[in-house]
Amino acid sequence: MKRNFFKVGAAAALTVTGVSAITSMKTVRAANFTAIKQVKISYLPGKSLNIWTNYENGQFMGYRAKDGTVWNVADTALDKKGNLWYKVGTREWIEARYTVDVTAGEKAEVSQAPTVKKTEAKQTKTTVNKKTAAVATKTATQKKAEKIAKVKKAKQIVNTAIKKTSQNTNQTSSTQATSKAASIVALAKQQIGKNYVWGAEGPDSFDCSGLVQYVYQKAAGVNLPRTTYDQVKVGQTVSLNNLQPGDLVFWGSTTAPYHVAIYVGNNQYVNAATPEQGTILQTVSSYFTPSIAKRVL
């Protein structure tokens with residue numbers, strides 16, 4: 001089955017014609033399209049990001065986007081949980097929270113393609129699926145209106161969470177905040193050893209933002225948004241040199257980070273790291289330093 005997706009290098013323009021991309025066994029050609037933006041994969045160091053067949057209940061396509069590579073975005077969408085996704089191919093999707101935007105003046109590094117096996121080209125006949133044609137009856141205006149409505153709803157959820165958090169902070173004394181922070185640290189440490197599962201929200205497994213949301217709700221009664229790029233908008237920005245137990249630390253872009261953890265004191269943090277590591281206690285290091293910290297309590 002042919003898979004088309006839009007990986008670009010330093011010399012690639014935003015309007016792409018036949019850009020080559022790599023699957024696990026062969027090289028395929030991407031369809032012509034006009035990119036709405038470029039993004040760089042900003043995942044965990046040395047790790048690659050899964051590519052999915054759809055933004056809603058999609059299947060893993062068997063290949064990944066390497067950390068640091070640059071991709072053209074053909075479309076955007078929000079899933080039922082409000083998570084933002086980018087379409088980077090004919091039917092290839094990646095989650096936006098593991099990317100950062102490429103600015104107009106930034107040069108994209110060219111990634112070297114691995115050696116691939118040559119395969120004979122096969123001629124196939126294209127058939128029109130009448131059911132698919134029937135489904136594609138929505139006008140461009142209708143689709144745009146639906147997308148705007150979804151984005152507006154997501155912003156309302158974030159604004160509501162920010163407002164409630166602000167109200168709770170104003171009504172809580174410093175003594176109460178310290179007590180809640182202690183509860184958060186204790187509950188976070190209780191989760192150490194549990195599995196990392198992408199999209200999991202507990203209590204038996206988590207992803208990074210799911211762990212933060214679960215601990216804050218259970219330990220402090222604070223309802224945080226679900227994703228890292230929404231959680232970073234909550235609370236007060238604090239210096240990384242002035243962290244307190246219970247603070248949230250983020251990695252990646254300061255406006256759209258890809259990873260979050262709970263600071264527990266003594267220069268350590270608890271996080272749902274990777275599928276291989278699970279939920280673990282780690283020490284802040286110069287090799288993997290947070291980019292921003294937030295104080296919610």
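In what follows, residues are counted from 1 in the order of the sequence shown. Side-chain atoms are counted along with the backbone in the values below, which use heavy atoms only and exclude waters and symmetry mates.
For E92 (side chain) and T90 (main-chain N/O), a donor-acceptor pair under 3.5 Å exists by modelled atom type. Of the possible donor and acceptor atoms, none in the side chain of E201 sits under 3.5 Å from a partner among the backbone N and O of Y214. Proximity of a side-chain donor or acceptor of T99 to a complementary backbone N or O of E95 within less than 3.5 Å is not detected. Panel note: side chain Q213, backbone L224; a donor-acceptor pair is recorded below 3.5 Å. No donor-acceptor pair closer than 3.5 Å links the side chain of W85 to the backbone N or O of D79. Side-chain atoms of T279 do not come within 3.5 Å of backbone N or O of S205 as any donor-acceptor pair. Between the side chain of D207 and the backbone N or O of G199 there is at least one donor-acceptor pair closer than 3.5 Å. Put simply, the side chain of T228 never gets that close to the backbone of H259: no donor and acceptor are under 3.5 Å apart. Looking at N159, its side chain does come within 3.5 Å of a backbone N or O of K155 through a donor-acceptor pair.
In this model, a donor atom of one side chain and an acceptor atom of the other lie less than 3.5 Å apart for T237 and K294.
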Inset, instruction - Walk me through it: do Y43 and W198 pass the test ring-ring contact (aromatic ring centres under 6.0 Å, His included)? - result: CA-CA 13 Å; Y43 199 42; W198 183 84; over 10 Å; no
Legend entry - Intermediate values then yes/no, salt bridge (Lys or Arg N to Asp or Glu O under 4.0 Å), D230 and R97: CA-CA 10 Å; D230 285 338; R97 64 170 169 165; over 6 Å; no
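In this structure, W52 has its ring center no closer than 6.0 Å to that of Y98.
Applying the 6.0 Å contact sphere to CD of Q277 captures more than 12 heavy atoms from other residues, nucleotides or ligands.
The same ILVMFWY cluster, assembled from side-chain heavy atoms under 4.5 Å apart, contains both I162 and L248.
The shortest distance between side-chain heavy atoms of V270 and Q191 does not fall below 4.5 Å.
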